[in-house]
Structure formats: structure tokens, C-alpha cells
Amino acid sequence: MAPAVQPAAPPAEEGIGVYTQKLGMWVFLASEVMFFTALIGTYIILRWGSAESWPVPQDILNIPLTAFNTFVLICSSVSMVKAYAAATHDDQKGLRLWLVLTVLAGATFVGVQVLEYRHLIHEGLLPSGIRDGSPLAARLVDSGKLTATAAGLFGSAFFTMTGFHGFHVTCGVICMTFVTIKAFRGGYSGGRFHGVEVIGLYWHFVDLVWIILFTIVYLI
Amino acid sequence: MTAAAAPHDAGLHAGHDDRPWLRRYVFSTDHKTIGIQFLFLSLTFLLLGGLMAMVIRWQLGFPGTPVPGGSILPDAMAPGGVIRPSFYNALVTMHGTFMIFFAVMPLLTGVFANYLIPLKIGAPDMAFPRLNMWSFWLMIPAGTLALAGFFVEGGSAASGWTAYAPLSNSPLYTGVSAGQILWCVAIIIFGASSLLGSVNYIATVVNLRAPGMTWMRLPLSVWALFITAILALLAVPILAGAIIMLLFDQVLGTHFYLPTGGGQPLLWQHLFWFFGHPEVYILILPAMGIVSDVIANGSRKPIFGYTSMVFAIGGIAGLGFMVWGHHMFVSGMNPTLGTSFMASTMLIAVPTSIKVFNWLGTMWRGNIHFHVPMLNAIGFLSMFVIGGLSGIFMAATPVDMYIHDTYFIVAHIHYVLFGGSLFAAFAGIYYWFPKMFGREMHDGLGRWHFGLTFVFYNLTFFPMHLLGLGGHMRRLYDPTQYPFLAPMQPINVFVSVSAFLLMAAQLPFVWNFFWSLFRGPKAPLNPWRDNSLEWTVPSPPPHGNFVETPTVYRGPYEYSVPGEPEDFLPQDRPAPARQEAH
Amino acid sequence: MHWWIPTNASSYGGDVDRIFYIILYITGFVFLVVEGGLLVFLVRYRRREGRTAAYIHGNNTAEIIWTTIPAVIVVMLALLSQKVWSTVKDPAHFPADAIPIGVHVKQFEWQFTMPGPDGKLGTDDDIFRKNELHLVVGRNYAVQLTSQDVIHSFFIPAFRLKQDVVPGMTIVAWFRPILTGAFDLACAQLCGVGHYRMQATVYVHSAEDFARWQTAQGAPATAAPVATDTTMGSMAMPHSGGTR
Amino acid sequence: MDAADHKHPNYVAVWGGLFVLTVIEVAAVYMRIPRHLLVLALLLLAAWKALLVALYFMHLRFEPKRLALVALAPLPLGIILVVAVLQEFAKR
């Protein structure tokens, strides 16, 4: 990757020992960590501010479904890393298989997420709070277990965080399909697999954010 | 979110350039063309912000009287030329927004980082040329959306460039809804553009340095731009997150910052200023880098204390993330937090003073050439000292309690932003114009421009310290309403007149800039006799910059080396007999 | 032609001014030294024929000197300021005998609820005023700041006191006036279209003058706002202020 | 100049670890555990899983140490921000 390669040029100054695309992706992921810090930090701050009246996640959210969803995302992370391993050994068939599996797993995750959103909105949880007269309102707000403001805050923070994570996963799936198409055209044969590794880094990052999100929002 | 970064199109050779016209000038991926595009964009928004400042100053100097030429404004903004309070707030907001986000930041990081980093480190281009092109082309929609705010119902955002919630949260309080939404979307798109730029600058400086260009041989301007990119990389996403939540409060009815819905107004201030303070260091660090290069060149003398200058930049950047609370001493924040933020803010005066004393040390026993960039760099140094010293008044919490949100703060902002960043940007433009366009700017006009700007700049902004001490609050539509401010109205008139003259003082620069673009004398390869790598290539440098990658043998500041025929020693000239110092 | 800090009229205002003047002298001295040194260098080391610059890369002792001196100065300033800051803002240091005053701010006016003769807030004899605050010189007062809509800022230049009023929070600030007279009270945080015409007046009376004023308020039971509306400034407004 | 040896850890083992940790987390929520202990346990488990993904899937273990610096750079800043703002609710 030395610039303007010409004979007997001394090696370019020793950088960080990582090729430029990977370094670029890691630097971009550092900024994404700050972005999710803002969102998750707000959730923690709002929750700490209204500690006792904060809804218990199990009452509103469907834990088993999202646990399965987490499992799907972890599997997609594994298939991604398998694809990278295949790419390094120049095993084109394996690369294509694992990439397709990763795209499918990612798409399932987003699908389950959309299903969960539809179910929650139907139940009455909105970004602005709990819709009055909705089954959720009947169960929680009217029975006094949950104040309207705390529900409002929970709705706002929940939809913003998981919404933006879903958005990042969707972008990942779209980019992954381009990578897969290129893989089917043999774009990553002959040791040129950097593209796979870079998209893999992004994908694992998105999985890592979900692991933290799943614990903080759904379990605690 | 373009994750699949295309592999770097290797094999970029200087010389032959077969790109079609569109790819070469409009959607160019050449860092030099992008740098020049940023230059024209930021100068346009600088002019726009300046015009808004003129209308603001007219209203403050002569409250209630029609603005000359104001009759063209529609009645919603200025019935009969007299601007409304709502339009005044919109002007104040957009003056701050345009100047900070669309003028000074692109002028420093967009223009000089893009143009100088690859040339100064000996790289053919940026690490990700396409991302670099996107980073410029995202600025166009961002700027347009922000500007469009003026023409929507209710006018543009009117809650200050800091957009404090709940004023910025709901149209109930300012009568502005579409304008604030446009402002939010514009800043988010600007954030994306700034992020792409930062990723590019970091990856380029880390990985694409020419052989021999070790970390301690990097010019200080590259160091400053590199650390600024890290600041922007880590601070801008927080702003994007905070503004997305503000946008959802406006659009989706969420309650992040609305107290009625249980939200926390102080949360917005914390998130905004956590970005805000690194932001003001993003605005000043590139200026410090440019000034370090220009002063060393002007004094024909190595920079004084290169290593301590580098650590000072790092110190400022590191501490920059721990001081944001000093914007919120009286905002209802927990007073114990006020104490810790006062301590960290006081500490940040130390690296800043190190840099100032090192610049003075550079000029000490130098052989000072007063070329126009050097004049502007000296202007930066003298004005930044005032800005830095007035900052200490704000760091002391009791004094800040009195002067917070008064014109003392406005004076401080303009001493570091105008006196600091803009003088350094002028120094940078005069210094690298010959390299960018292959033509030299007119020296006499440059001196007139500096002289007039320096005088009227001080006449405009120094009296603001007096206004602030008298208790004159910021963002007042008509200061004469307050009985205790009425006796200070002559200062306001004086400041307004000086501001108009300051604007007029920019004419020599505008004329000089455009006239020299086409009819300036042909620029030699190295007009300032500088050591850095960009002066070893023709001006303007061809696509791909270097015919073959240069090898670097010494630091960038080897001026007046004893025993050398000339008083400068370019970085890529092989060491003659004896081995260089470092 | 009063162009400097208004005369101090509150107990801790003197301390604030003292720190201001200390910082003014230090920064003034540093300003003269640095800018003077700059001018001297510019003249002394300007370009002349046959002159060559000294080939110096730095000087560690100089670096150490101009790192420690500013560090010592700023740490000293921080300690100095902390003492005053805690007396003004730390709830633990609020005087116990402070008379509570309800200050409720809404877009573009101040509503004061002063305790009546019984000295307690929330009783029937409270006196309600818009943009008018009546105090007794030499007594401690604790204002309970609440806002109805956006963030405003309770700013009395003569008392050197500024405290933002955040909706959804009740923030307490204290002061003790030491001079009688009428002082301006302003809003220092952009709060919308009418931010510029939110002035109020603080009348500090002597003890007996205050007593006379208090009895002169007629039947104390009238908790309703007395319509002495002094909000509109004397100057006739050329155009009605914006959309509000 | 990129990492020549592509060492591939046993991905299936890592996957197993992640799966088991997730099951423990979800089980812990349904068990009668005192609140503070539960929160602490869940946070530690989440951090452990995150480390597994970062070290093995993102190959941080096999990359030069300075890349880990880039990866970890934003964490202290995030912690400073959240802890400082939480102070708002400490001593009023």
C-alpha cells in the first residue's frame, strides 16, 4: 500500500502497522462509539434522574424475542468472521456461502426489530410516551404502576437508541449485499480481501453495540 | 455509512491527468481541488455571516431605526426596514452558526487540512479520496438548508447558535418550528461532512507519511491539523446525537429536554458543551499550527521548543474534553461540579501560555521578515494573548457569575475567533495562495488590508469588554430598554461604526484575492524560501503531487543553519557531509 | 457617563470585585510584558542587511519557567475563587435567617411573591408584584427561582448575582443588599422575542421605609396581582414586538 | 505492511462463549437476585461479551497495540461525560 511505488524506495514511514482502510474503519468506529455514548449516556442519565418511577423493562418489552434476536446477531458475527477466514485462505466458495448467511442473519435481525416495533406501537408505546387508552396504558399507567412522564422518557430514549442501532444494522446489511455481489464476481480472490475484513469490523462493532444495548435497555 | 471503502486507487503518478472535466473540477477527488472548493465555500459563508453581523450592529448601534437597504427585506423580517425582535434573534443565531460551522471551521480544517496535509507529508493524495470529495459535497446541502431557514414560515432558528432547550425545543416559545428543524438537519449533515474529513486526515497523517518523515519531523501545522481531526472525530458525534434528540423533541414529540415531559434542560447544555469546548479548540488549534509555521519562516529561525509545542497541542486537546462545564457555572449546574470545572479550566491556561511564550522565543534573536503572512501571524499572536488573558476572568467562577452572558464573553469570543482564527486564516491564505493558484497576491493591498483590519478590529471588539463589565447582556434586541444600559449606548454606537469600517476594510482583500487569481504575477516555486515539502513541487502542484515520493532528512524548521549558504534548508535535500541534528 | 462596573450593593459583591481586580492586575501586567516584549522583539530583531538569525532550537529551563509560573498563578486564582464561589452558591453556606422570596419567571416578566408582615411565604398576607421587588437593606434574602416556560437568568448587576432559572427546577440563590436605592434586575439568558424588555427593579428600603411601604399596600389579603404594570419601557415601541 | 499472519482463533468456541453468557444474562434476570448485584452482574457479563467480540472477532488481539489505543480512545471520554452529568443528581 506504499504510495507511488517505484524501485528501491525505502519503506514508507512506519505508521501504526495497519493498512489504511482498516485504520480508517477503526477511526470511524471510534466516532461511532462517541455517537452511541451520547445516546446510551442520555438513557442512563434520564433513568438515574427518575430512578424509582422508571418502568421495569420486562413489563413492556418482550425479553425472549430480543434474546433470540441477540443470538441471531451473534450468529451473523460468527458467519462474518468465518467469511473473513475463508477470504484469507482464498476459499471463494466458503466466502460466498458465509457472506450470504451473514446478510440473511442481519436481515432477520432487522426484521425481528421491525416486528418488535410494530408490536410495541400497537401495544401503545410511542416515542412521545404511552398512548392513552392503549392496552399498555391500561396495564401500567392507569394502574398507577408507571407515571406518564417516566413512560414518555422511556419511550423517547428506547426508540431513539434502538432505532439508530437498527439504522446502522440496515446500512450494514446494504453494504454487505454489495460486498456479497462483488464476492460472487470474484472481487476478493487472489488475496485481495481487505474489503471483507473492513466490512467485518463494522459488522462486529454493530453487534458489540447491540450486546451493550440489549443488556442496558432490556435486562437492567 | 459507506462501510465498504474502496481500495485506494494505487499507481497515482504525477503528470499525466486524463480525468474528464467533471471529475477533475466539480466532483474532484484531488485533495488540492477539494481544498480550493472549501476555500470558496468558506469565504462565501464568511461574507454572509459578516453581512448578518452588520445588520446586528446597526440594530444595536441605532435601535429602532431602519437598516440602510433594509427595505428589500420582507415584512416578516423587517417592516419598513426596522428589523423585528424575532428576526434579530434569528440573525444572532445564524451569525453564530454560519461563522462557526460554515466559515471558520471549513476555512481552517477544510481548506488547510485538505490542501496541506498530503503535500507537507509527501503523500500523493488523501487516504480516501472519494470520502474526501463527499466531505466537501455534504457541506453544500448543509449550508443551503441552514440558509433556507430564513425563507420558511416563522423564520430561521432563533435560540442562539447554542440552541438551549427548552427554547429551541418547541415552536411554542419562539414561534419558529420549520427553521429550527432545518437548523438541526443542517448541523447533522455538517457533522457527517466533518467526520468524513477527520477520518481522512487521521488515516493520511498516520499511514501515508513519506520515508524519513518521522512524527517529530512533522511541521507543527500538520500536528495541529492532525490533533484537531482527533478532537473533531470524538466531539462531533456527541453533537450529532444531542441534535438528533433535539430534532426528535421537535418532530416526534419525545421529551428529552422538555421539563414538562420530565426531560432535563441541563442535559442539552452538558451534551452541547461537551462538544462545544472541543469545538472551540478545533477552531483555534489549526490557527496555532499555521502561525507556528509562518512565524518560524518569518523569523528565519527554528521554532522555539518544537517538542513542548507538540505536547502543548496535545495538552490543550486532552484538557479540552474536561472543561466544558465552565460554560455552565451559573446555569443551575451542581456547584461542586463548578469547582472541578474551574480547576480544569484554569489548568488549560498553562499549555496555551507555553505556546505563546514559544512563539515569542521563536522571534527572539530572529531575523524577522515582515511579509504579509508574518504580519497576520503577529496580529494573531498579539490578539490571541488578549483573548487568552480575558479567558482567565471567566475561569474564576465568582467573576464569571457576573460577566457570564454579557458582552465581555462576546469580546472574548471575537478576540480568539476573529483575532485568533481569522488572522491566522488570512496568514494562511496569503502564505499558500502562490502554491494554490500559481500566482502571487499584491503585497501592498495585503499590507493595507492587514493594517486597516487590525485597527478597526480592535476598535470594534475592545470596547465590548467595557460593555460587558457594565453588565450589558448578550443577544439584546434593543439595549436602551434597560435603564442601567442606556448610559452605555455611546459605546454601542462607537462599536457599530467601527464594525462597518471593519467590513469595509475587507475590500482590499476581496479585490486582491480575485484580481490576483487571474492577473497576479507568476509565482516562483518557493516564494517564501520555506523548508516544507509543498515548496519543492511546481505551483499549482500537478495531480498526484510528487513525481517520485520525496525522502525527508530533517525537521521543517532548519532555518539559518550555520555553515549553510542560504538561510533555509528544505526537508528533502539530502544531508551534505555531516549528519543532521535530528 | 458611567462606563465601568456598577457600584457594589451586596454583601459578597465586594469579594467578587476583589477577585476581579486581582485578575485584572495580573493579566494587565502579563499583557504589558508580553505585548511589550513582542514589540521590542519586532523592532530589535527586524531584518537588516548582513543579519542572520540565531540557530536555537529551544531552552528547557525557559520552558520550565514559563510552565510553572502560569501554573502557580492559576492554581492560586482557583483557590481564591473557590472560597467566594462556595459562599455564594453552596447551599450549605446559605444564611439560615434568609427571608424567602418566591420569584416566578415567565416569558418576558418577573413575578415576585414577598412574605407579608408574618415573614413567612405562602401565607395570605404575601404581597405579589410584577417586575418590582422590595427589600430591606442589611437583611439576608433567599430567592426561590422557578420558571414557567424557558430558561431565563436572574441577574442583578449591582449585587453581582446571576443565576439561571431552569424550568422544572427550583434553584435558590441568596444575597444581602448593603445599599438602599433602586437597582436594575435583568434577564441574562436568551429567552425568546421579548428577552430585551424583561427588566424589573429592585427597591432596597431602609427598615422603617419598608414598614411604611408594607402597610401602605392596603388589605394584605389581595393576593391577586396588583396591576401596576411597569413592564412596557418608557420609549414608545415603533412596532409591536414580533409574534408574541 | 498489513498483518501477514492471519491467525484465526477458534471462532466456534468464542461463539459458544457468547451464547452461554447471553443465556446466563437472561436467566439472571428471571432469578431472585438483589437489585444492585443483578445490575453489576449484568454489566460485567455485557463487558465480557463485548471484550470477546472485540478481541477475537475484530482481531484486536493480533493487531499492533496502538490500534487498541485507537479503539479505546473514546471510552474514557464517554465515562467522563456520563459521570459528570450524573453528578447533577448527586448533592443538590
Side-chain angles (χ1 to χ4, degrees), chain B residues 64 79 82 84-86 160 164 166-167 173-175 259 265 300-302 304-305 308 330-332 335 339 342-343 346 349-350 353-354 357 360 363-369 382 385 389 392-393 396-399 401-402 404-405 466 469 471 473 475-478 481-484 487 560 562, chain C residues 2-5 16 19-20 23 27 30-31 34-35 37-38 41-42 45-47 51-55 57-58 63 66-67 70-71 74 77-78 81-82 84-85 89-90 149-151 157 160 162-164 166-169 171 184 186 188-190 192-193 196-197 199 233 238-239 241-243:
Chain B
V82 178
R84 287 179 185 278
S86 53
Y164 273 13
L167 183 66
Y173 302 125
T174 51
R300 312 308 299 168
K301 182 169 172 284
F304 193 91
S308 60
V330 289
S331 69
T339 312
M342 170 172 65
M346 284 290 189
V350 173
S353 53
I354 289 173
F357 288 120
L360 285 176
M363 299 161 91
W364 172 62
R365 291 181 64 195
N367 182 13
I368 299 173
H369 290 51
S382 51
V385 162
L389 291 177
I392 296 182
F393 289 91
T397 38
V399 182
M401 190 169 60
Y402 176 66
H404 181 67
D405 267 345
L466 279 179
L469 291 179
M473 292 84 70
R475 298 160 172 170
L476 284 185
Y477 167 70
D478 172 5
Q481 293 288 315
Y482 279 97
F484 79 102
S560 314
Chain C
H2 179 82
W3 283 2
W4 192 243
I5 306 178
V16 173
I19 292 181
F20 170 78
I23 296 179
T27 42
V30 169
F31 170 76
V34 171
E35 304 282 7
L38 176 63
F41 285 178
L42 292 182
Y45 305 115
R46 67 188 184 288
R47 169 167 77 155
R51 175 179 171 72
T52 56
Y55 184 65
H57 278 282
E63 297 282 355
W66 61 49
T67 309
V74 288
L77 286 179
S81 310
Q82 172 52 25
V84 180
W85 173 252
K89 292 286 183 188
D90 188 357
D149 33 47
V150 289
I151 295 177
R160 306 290 185 276
K162 181 182 284 131
Q163 177 53 55
D164 279 13
V166 181
M169 289 163 75
I171 302 168
D184 278 284
Q189 179 67 265
L190 179 62
V193 170
Y196 70 100
R197 50 176 166 76
Q199 77 270 24
H239 291 278
T243 51

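Throughout, protein chains are lettered first and strands after them, A, B, ... in sequence-line order, and every chain is numbered starting at 1. Computed from a predicted structure; not experimentally measured.
Atom-to-atom distance recorded for B:Leu476:CG and C:Gln199:CD is 10.5 Å, nearest 0.5 angstrom. Rounding to the nearest 0.5 angstrom, the gap separating the OG1 atom in B:Thr174 from the CG atom in C:Leu190 is 9.5 Å. Note that CH2 of B:Trp364 and OH of C:Tyr45 are 7.0 Å apart. Values are rounded to the nearest 0.5 Å. Rounding to the nearest 0.5 Å gives a distance of 10.0 Å between CD1 of B:Ile368 and CZ of C:Arg46. Here the CZ atom belonging to C:Arg51 is positioned 8.5 Å from the CZ atom belonging to B:Arg365, to the nearest 0.5 angstrom. Taking CZ of B:Phe304 as the reference point, atom NE2 of C:His57 lies at 11.5 Å (rounded to 0.5 Å).
The residue among B:Pro265, B:Ser308, B:Ser331 with the most heavy atom pairs within less than 4.5 Å of chain C is B:Ser331. With chain B as the partner, the residue from C:Gly168, C:Ala188, C:Gly37 showing the most heavy-atom pairs under 4.5 Å is C:Ala188. Ranked by heavy-atom pairs under 4.5 Å with chain B, the first of C:Phe41, C:Phe31, C:Trp85 is C:Trp85. Chosen from B:Arg475, B:His404, B:His369, the residue pairing most often with chain C at heavy-atom distances under 4.5 Å is B:His369. The residue among C:Leu77, C:Val34, C:Val30 with the most heavy atom pairs within less than 4.5 Å of chain B is C:Val34. Of all the listed residues (B:Ala349, B:Ser353, B:Gly160, B:Gly366), the one sharing the greatest number of non-hydrogen pairs under 4.5 Å with chain C is B:Gly366.
Only the side chain of B:Met473 comes within contact range of chain C, with heavy atoms under 4.5 Å apart. At a 4.5 Å heavy-atom cutoff, the contact between C:Gln189 and chain B is made by backbone and side-chain atoms alike. Contact of B:Met363 with chain C is made through backbone and side chain together, with heavy-atom distances under 4.5 Å. Residue B:Phe484 touches chain C through both its backbone and its side chain, counting heavy-atom pairs closer than 4.5 Å. Residue C:Val166 touches chain B through its side chain alone, counting heavy-atom pairs closer than 4.5 Å. Looking at C:Glu63, the atoms closer than 4.5 Å to chain B (heavy atoms on both sides) all sit in the side chain, from C-beta outward.
Annotation for B:Pro166 and C:Asp149: closest pair CG-O, 3.3 Å, computed over non-hydrogen atoms. Here the closest heavy-atom approach between residue C:Ile23 and residue B:Ala396 is recorded as CD1-CB, 3.5 Å. Listed here is the closest heavy atom pair of C:Ala186 and B:Tyr482: CB-CE2, 3.3 Å. Across C:Ala54 and B:Pro302, no two heavy atoms sit closer than the pair O-CD, 4.1 Å. Considering every non-hydrogen atom in both B:Gly332 and C:Ile171, the closest pair reads CA-CD1, 3.8 Å. Nearest heavy atom pair, residue C:Gly192 against residue B:Leu167, reads N-CD1, 3.8 Å.
No side-chain donor-acceptor contact under 3.5 Å links C:Lys162 to the backbone of B:Val330.
At least one side-chain heavy atom of C:Trp4 sits less than 4.5 Å from a side-chain heavy atom of B:Leu466.
Using the six-membered ring where Trp is involved, B:Tyr477 and C:Tyr196 have ring planes that are perpendicular, over 60° apart on the 30 and 60° scheme.
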